[in-house]
Amino acid sequence: MTQERYNPQVIEKKWQARWQEQHAFACSHDSSKPKYYVLEMFPYPSGNIHMGHVRNYAIGDVVARAKRMQGYNVLHPMGWDAFGLPAENAAIKNHTHPAKWTYANINNMREQLRRLGYSYDWSREIATCRPEYYRWEQLFFLRLLEKGLVYRKKASQNWCPSCHTVLANEQVIDGLCWRCDSRVVQKDLTQWFLKITAYGDELLQDLTRLKGGWPERVLAMQRNWIGKSTGASITFGLEKKVQGVDRLEVFTTRPDTLFGVTFVTLAPEHPLVEHLLDGYEHADEVRAFVERIRNMDRIDRQSDTLEKEGIFTGAYAIHPLTGERVPLWLGNFVLADYGTGAVMGVPCGDQRDFEFARKYDLPIRVVVEPRGEHLDPDRMTEAYTGPGVMVNSGAFDGMDNETGKEAITKALEQQGRGKGTTQFRLRDWNISRQRYWGTPIPVVYCEHCGVVPENENNLPVLLPLDAHVRDDGRSPLPETENFVACTCPRCGQPARRETDTMDTFVESSWYFARYTSPRDDVTPFDTAALTYWLPVDQYIGGVEHAILHLLYARFFTKALRDLGFYPPALDEPFSNLLTQGMVLKDGGKMSKSKGNIVAPSEMIEKYGADTVRLFCLFAAPPERDFDWSDAGIEGASRFIGRVWRLFAEEEAHLLPLKACQSDAQDATTPQARELRRREHLTVQKCSEDMGNRFQFNTAIAAVMELVNAMYLAREHLRGSDGGRRIFSSAMASVLTLLSPVTPHVCEELWERLGHTTPLAAELMPRWDAAATAQEMLEVALQVNGKLRGTTHVPAGADKTAMEQAALADSAVQRHIANLTVRKIVVVPGKLVNIVAN
RNA sequence: GCCCGGAUGGUGGAAUUGGUAGACACAAGGGACUUAAAAUCCCUGGCUCAUUGAGUGUGCGGGUUCAACUCCCGCUCCGGGUACCA
């Protein structure tokens with residue numbers, strides 16, 4: 001028995017070359033088959049694929065291959081999220097150009113992905129930094145602008161001093177830049193915004209439609225982030241009219257407590273503040289207060305340890321229902337950019353207001369009491385925020401406070417002093433970036449015409465590749481004269497181009513749609529292709545994008561739908577989302593500083609791509625983190641070797657069967673029947689686990705069991721034609737079931753088995769329920785719920801037969817010897833529980 | 001604080017609808033092969049006591065049930081999200 005050792009390097013290169021030559025995984029529109037679009041979040045071309053990518057893409061590849069084998073027409077594309085700041089930083093460091101660096105990285109990483117054997121349709125590859133791609137983004141920008149979904153505004157912005165650019169709210173994590181962890185500061189700038197808030201309600205609403213398809217925690221995170229509150233905006237009058245203004249709006253979620261208002265608090269930044277101070281004797285003190293709070297760091301100001309501080313403005317508001325005078329205060333805890341920047345102070349029903357009132361000796365008036373209790377304002381130690389009955393509220397006394405919310409809102413509406421309204425925590429998306437390596441924003445500034453959108457016919461506005469990267473890290477665009485100098489599309493006079501580029505999250509908000517017609521140079525999307533392929537059936541990526549990318553992409557989808565680029569029925573881009581866990585080392589993140597990075601290339605060199613893929617999928621279920629272990633990958637390697645040896649050692653007896661091709665007549669011995677049963681059971685389990693449940697670890701475990709059984713049965717089965725058929729069929733099943741996970745070695749052995757068509761083109765075998773049936777079933781025997789033994793009964797045994805088998809068992813008899821049997825519970829084919837006392 | 005997860009052997013993890021807890025793998029121990037080792041193949045294994053066997057066991061405390069890792073109530077710890085958002 002001569003046999004060559006398993007040599008993954010040779011086998012894998014052979015099959016990768018073949019797949020590449022034959023464009024093996026290219027797909028096209030085919031309405032005769034059900035479509036399946038599986039997509040993994042595309043990588044930033046940082047230079048090298050890391051283990052997180054390997055795992056993410058291994059999961060996606062098994063899904064893609066398994067779905068193909070289930071008869072679907074599968075779209076499985078790959079591309080590059082190629083704009084972004086690291087290219088600029090690398091360019092400075094290595095004295096190169098961001099474009100050169102990026103394209104070199106793409107070439108390198110493409111080879112690394114090929115070396116892993118992923119079944120991508122490479123003919124659809126895209127890179128977002130190519131004008132053929134970003135030209136459409138510029139078109140979207142212009143159309144969004146036309147529709148009023150893009151606007152320009154000056155406001156205080158998150159500024160990362162290290163990246164020299166602004167950041168959107170979603171990109172500031174705990175006060176730090178999401179990319180470089182620098183402390184973010186505030187800066188007043190005029191920026192371009194996408195009106196994501198216009199879709200706040202829909203983004204929230206449609207989360208319910210994603211239930212089941214998306215992980216609950218991602219839905220919860222988005223719900224939190226959108227942060228919708230329902231309440232009322234209420235108009236207080238001003239005692240003294242200032243600058244022609246005689247009213248003040250507040251937002252509250254508790255209109256039922258309106259009668260408990262004993263003061264009103266404004267944000268120090270509130271536009272009315274300066275006017276209110278006019279003529280007030282202590283105005284300078286108040287101004288000093290405002291100045292002090294304004295100068296505070298935003299992070300410090302929002303920390304929960306910040307002490308509540310306020311100051312009286314000397315002015316009064318008029319209560320909308322009682323007409324009472326209510327003092328106007330400023331408070332350091334009132335946010336200028338949420339709601340109206342002003343809140344009504346209700347000490348009895350809001351903990352902050354309670355503390356504020358106690359600190360500054362403001363009156364407390366109880367307006368909601370728990371049913372059956374009486375609250376004494378002087379003795380309260382905290383606000384009462386629970387449900388209850390309304391008191392001290394005029395005509396509303398005695399009302400349930402929930403009913404009161406609506407009743408008071410209605411009363412305010414009738415008097416024109418308020419209305420029911422909602423507020424969102426979500427803010428508009430600042431997409432301006434003071435960076436070079438990004439999509440140019442297609443507008444110009446003209447001395448005569450102002451801000452003018454570029455003419456659509458002039459697109460793309462090309463990012464100049466001859467710009468010189470600056471050593472100080474700032475964008476070179478403003479000083480790249482051949483870019484900045486332009487003519488006004490409206491009046492034809494000389495004008496200046498916008499030098500900010502777009503947030504790179506804009507590119508990733510629509511790339512999945514571009515894959516459906518990636519080379520179309522007439523329209524961004526071919527309608528037929530788009531309608532056929534979208535939405536993405538299965539999206540796979542890291543949970544770190546739960547809010548960022550996934551929220552932006554959902555919003556962009558709705559916006560492009562409303563612009564007519566997407567079909568009207570396409571509301572959500574990703575029907576199902578799988579968030580894979582991280583690959584850890586020694587219980588923590590892999591990082592350069594810890595020096596614990598496991599390089600995929602080294603692992604592939606040592607064990608081969610199949611082993612690396614197998615280990616990534618076997619070590620843990622996909623959504624869980626897993627710790628990379630050297631012993632673990634050894635085990636994966638050993639298993640492939642075990643399959644290889646089993647094949648090689650039995651090769652002389654193997655017949656070129658396909659999976660599940662032996663028939664019942666071949667099974668002339670109990671061992672043969674048992675192996676055939678195992679084979680069919682394994683097919684059943686894998687179809688479920690791999691194709692539907694995405695539990696690859698258990699699917700692989702099932703194949704391991706089959707292989708173990710084959711080792712034990714092989715000698716016996718060698719002896720007969722039937723036995724050889726049973727064994728060969730089982731071998732074919734092993735290769736077929738494993739092929740989505742370890743495609744190279746499976747194709748190789750498949751070919752050696754005598755097949756001339758690739759395994760990847762096979763359909764998953766169907767298991768035969770008859771083959772999985774057993775003649776004798778093992779039955780658990782319990783006495784009072786405790787396992788006392790097992791016995792065997794014929795498959796069709798009825799309850800009486802099972803009862804009798806149980807009572808006949810010696811262990812059972814021993815345990816019921818001195819007891820009276822009260823009841824016997826029988827689960828057919830499973831268990832008998834004898835209740836006795 | 002609020003919202004989502006999670007907790008099972010020495011380790012990673014199984015248990016799909018309430019029905020034999022610990023599949024599969026790693027690490028460990030034993031055996032076979034070998035001059036020897038590696039590799040490979042086979043076997044053992046939750047814990048405690050014991051001879052067959054018994055007790056006990058899925059973070060903790062209760063409950064429902066003939067039967068609970070699974071369902072219900074009350075906690076603890078860990079992870080993630082979010083937070084003076086009115």
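Quantities reported herein were computed from a predicted structural model and do not represent experimental measurements. Just so we're on the same page: letters track the sequence lines, and every chain starts at 1.
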Q | Interatomic distance, A/Asp625 CG vs B/A7 P [rounded to whole Å] | A | 14 Å
(Q) B/C2, OP1 or OP2 - any side-chain N/O from A/Arg223 closer than 4.0 Å? (A) no
(Q) Consider side chain to side chain contact (heavy atoms under 4.5 Å, CB included). Of A/Ile196, A/Asp201, A/Thr197, which one does A/Phe424 pass it with? (A) A/Asp201
Q: Describe the nucleic acid contact of A/Ile834 in one word from base, sugar-phosphate, nothing, applying a heavy-atom distance below 4.0 Å.
A: nothing
Q: Assign A/Asp689 to base, sugar-phosphate, or nothing according to its heavy-atom contacts below 4.0 angstrom with the strands shown.
A: nothing
Q) Considering only heavy atoms and no angle criterion, is a donor-acceptor pair shorter than 3.5 Å present between the side chain of A/Lys786 and the base of B/U56? A) no
Q: Would you sort out whether A/Asn708 and A/Arg642 count as a side-chain hydrogen bond (donor to acceptor under 3.5 Å, both in side chains), showing the intermediate values?
A: CA-CA 9 Å; A/Asn708 291 346; A/Arg642 205 164 144 78; 2.9 Å; yes
Q) Between atom CE in A/Met344 and atom P in B/A86, what is the gap in whole Å? A) 12 Å
Q) According to a strict under-4.0 Å criterion, is A/Arg425 in side-chain N/O contact with OP1 or OP2 of B/A83? A) yes
Q.
Mind checking if A/Asn697 touches a base, just sugar-phosphate, or nothing, with heavy atoms under 4.0 Å?
A. sugar-phosphate
Q) To the nearest angstrom, how far is A/Leu781 atom CG from B/G19 atom P? A) 18 Å
Q. When you check the phosphate oxygens OP1 and OP2 of B/A14, does a side-chain N or O of A/Arg624 lie under 4.0 Å from one of them?
A. yes
(Q) Using a heavy-atom cut-off of 4.0 Å across all strands, would you classify A/Gln351 as base, sugar-phosphate, or nothing? (A) nothing
Q.
Does B/U82 have its OP1 or OP2 closer than 4.0 Å to a side-chain nitrogen or oxygen of A/Arg217?
A. no
Q.
Counting only side-chain nitrogens and oxygens, does A/Arg788 get under 4.0 Å of the OP1 or OP2 atom of B/G55?
A. yes
(Q) For a quick check under 3.5 Å, do A/Thr611 and A/Tyr6 share a side-chain donor-acceptor pair by atom type? (A) no
Q: Check whether any side-chain nitrogen or oxygen of A/Tyr711 sits under 4.0 Å from OP1 or OP2 of B/C41, and answer yes or no.
A: yes
(Q) As a test of your reading of the structure, name each stem of RNA chain B as range with range, where a stem is three or more consecutive Watson-Crick or G-U pairs at under 3.5 Å. (A) B:1-7 with B:76-82, B:10-12 with B:24-26, B:28-32 with B:40-44, B:46-49 with B:53-56, B:59-63 with B:71-75
Q) Taking the C1' atom of each, how far is B/U56 from B/G22, in whole Å? A) 15 Å
Q) Strictly by modelled atom types, are A/Thr791 and A/Asp809 linked by a side-chain donor-acceptor pair under 3.5 Å? A) no
Q. Which part of the nucleic acid, if any, lies within contact of A/Lys228, taking any heavy atom under 4.0 Å across all strands shown: a base, the sugar-phosphate backbone alone, or nothing?
A. nothing
Q. Within the structure, does a side-chain N or O atom of A/Arg814 lie under 4.0 Å from either OP1 or OP2 of B/G53?
A. no
Q: Indicate whether the side chain of A/Glu249 and that of A/Thr235 have a donor and an acceptor atom separated by less than 3.5 Å.
A: yes
Q | Distance flag, aromatic centroids of A/Phe356 and A/Phe333, threshold under 6.0 Å | A | yes
Q: Using a strict cut-off of less than 4.0 Å between a Lys/Arg side-chain nitrogen and an Asp/Glu carboxylate oxygen, indicate whether A/Lys211 and A/Glu216 qualify as a salt bridge.
A: no
Q: Could you please name the option among B/C4, B/A25, B/C85 that lies closest to any side-chain atom of A/Glu216?
A: B/C4
Q) Quick one: is B/C41 close enough that its OP1 or OP2 comes under 4.0 Å of any side-chain N or O from A/Arg645? A) yes
Q: Using a 4.0 Å heavy-atom cut-off across all strands, classify A/Val827 as base, sugar-phosphate, or nothing.
A: base
Q: Considering just the side-chain nitrogens and oxygens of A/Thr253, establish if one lies under 4.0 Å of OP1 or OP2 belonging to B/C85.
A: no
Q) If you look at every strand shown and take non-hydrogen atoms under 4.0 Å, does A/Gly635 touch a base, only sugar-phosphate, or nothing? A) sugar-phosphate
Q. When the distance from CD of A/Gln695 to P of B/G12 is rounded to whole Å, what number comes out?
A. 17 Å
Q. Can you tell me how far P in B/C26 sits from the matching atom in B/U44, rounded to whole Å?
A. 16 Å
Q | Integer-rounded Å distance: B/C84 P and A/Leu266 CG | A | 19 Å
Q.
Given 3.5 Å as the limit, does a donor-acceptor pair link the side chain of A/Arg613 with the main chain of A/Val741, or not?
A. yes
Q. Using a distance-only test with no angle check, is there a side-chain donor-acceptor pair under 3.5 angstrom linking A/Gln222 and A/Arg554?
A. yes
Q.
Go through it in stages, so that I can follow the logic: the residues are A/Phe618 and A/Phe626, the test is ring-ring contact (aromatic ring centres under 6.0 Å, His included), and I'd like the CA-CA distance, side-chain angles, deciding distance and then a yes or no.
A. CA-CA 10 Å; A/Phe618 180 66; A/Phe626 87 86; over 10 Å; no
Q: Grab the CZ-P distance between A/Phe615 and B/A25 for me, whole Å please.
A: 14 Å
Q) Under 4.0 angstrom, heavy atoms only, what part of the nucleic acid is A/Val334 near: base, sugar-phosphate, or nothing? A) base
Q: Return the nearest nucleotide to the side chain of A/Asn833; candidates are B/C24, B/U20, B/C66.
A: B/C66
Q: Could you state the atom-to-atom distance from NZ of A/Lys830 to P of B/G18 in whole Å?
A: 13 Å
Q.
Taking B/G59 as the reference, what is the distance to B/A14 when you measure between their P atoms (whole Å, please)?
A. 15 Å
Q.
What I want to check is whether the side chains of A/Asn158 and A/Gln186 have a donor and an acceptor closer together than 3.5 Å.
A. yes
Q. Just to confirm, is there a sub-4.0 Å distance from OP1 or OP2 of B/C84 to any side-chain nitrogen or oxygen of A/Lys308?
A. no
Q: Using a heavy-atom cut-off of under 4.0 Å over every strand shown, decide if A/Thr252 touches base, sugar-phosphate, or nothing.
A: sugar-phosphate
Q: Would you indicate what A/Asn332 reaches in the nucleic acid, counting non-hydrogen atoms under 4.0 angstrom: base, sugar-phosphate, or nothing?
A: nothing
Q: Return the value, rounded to whole Å, for the distance between atom CG of A/Asp630 and atom C1' of B/A25.
A: 16 Å
Q) What is the nucleic acid contact for A/Pro215, judged by heavy atoms within less than 4.0 Å: base, sugar-phosphate only, or nothing? A) nothing
Q: Scan A/Arg642 against the nucleic acid and name what it touches under 4.0 Å (heavy atoms): base, sugar-phosphate only, or nothing.
A: sugar-phosphate
Q. Of the candidate nucleotides B/A23, B/G19, B/G81, which contains the atom at the shortest distance from the side chain of A/Glu705?
A. B/A23
Q. Which nucleotide, B/A14, B/C85, B/C24, lies nearest any side-chain atom of A/Thr698?
A. B/A14
